[in-house]
Amino acid sequence: MITTKRQDLWNKQNNVLRDPAEMFGTSFESAGITKDSLKAIFSDSFVEILDKLQVTLIVTREYENLIMALTSLNQHVIQSFFHLPHPSGIVYDAQNNSLYVAST
């Protein structure tokens, strides 16, 4: 069962992260996002693959207006995120080492 405090945090994040206008006008803290609130638990095999391939996996959550980057260093996942209205496509330009994300 999810605790009330945790559910309240998820509800707060859900309300802000689903509204692009609010998203850019508020701080992470005001949106209920803390250093640990978006962390996930990863299987050992997933971390091993990231570490072995030495890649960064880019993940988008279109309806949560969120783009995340996951990579591994010495069997430890490093995670970052950025608010972006409805990220809906990703292109990586290896020649210029640039990432492009389409959004609405």
Side-chain donor-acceptor distances from residues 51-60 under 3.5 Å, at least two apart:
from	atom 1	to	atom 2	distance (Å)
D51	OD1	S72	OG	3.2
D51	OD1	N74	N	3.2
D51	OD2	Q75	N	3.4
D51	OD2	Q75	NE2	3.0

How long is the span from the OG atom in S45 to the CG atom in L50, to the nearest 0.5 Å?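 Taking OG in S45 and CG in L50, the distance rounds to 10.0 Å.
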Nearest 0.5 Å, what's the OG1-NE2 distance between T71 and H76?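 Reported to 0.5 Å precision, the distance equals 11.0 Å.
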Any idea which heavy atoms bring Q79 and L70 closest together, and the distance?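 Nearest pair, atom of Q79 first, then L70: CG-CD2, 3.6 Å.
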Please table the atom pairs, donor to acceptor, closer than 3.5 Å between any side-chain atom in residues 87-94 and protein atoms at least two apart or in another chain.
from	atom 1	to	atom 2	distance (Å)
Y92	OH	N97	OD1	2.6
D93	OD1	Q95	N	3.1
D93	OD1	N96	N	3.2
D93	OD2	N96	ND2	2.7

Common cluster, F42/I49, ILVMFWY with side-chain heavy-atom separation under 4.5 Å: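 They do share one cluster, since a chain of ILVMFWY contacts under 4.5 Å joins F42 to I49.
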Under a 4.5 Å side-chain heavy-atom rule over Ile, Leu, Val, Met, Phe, Trp and Tyr, are L99 and F82 clustered together?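 Same cluster.
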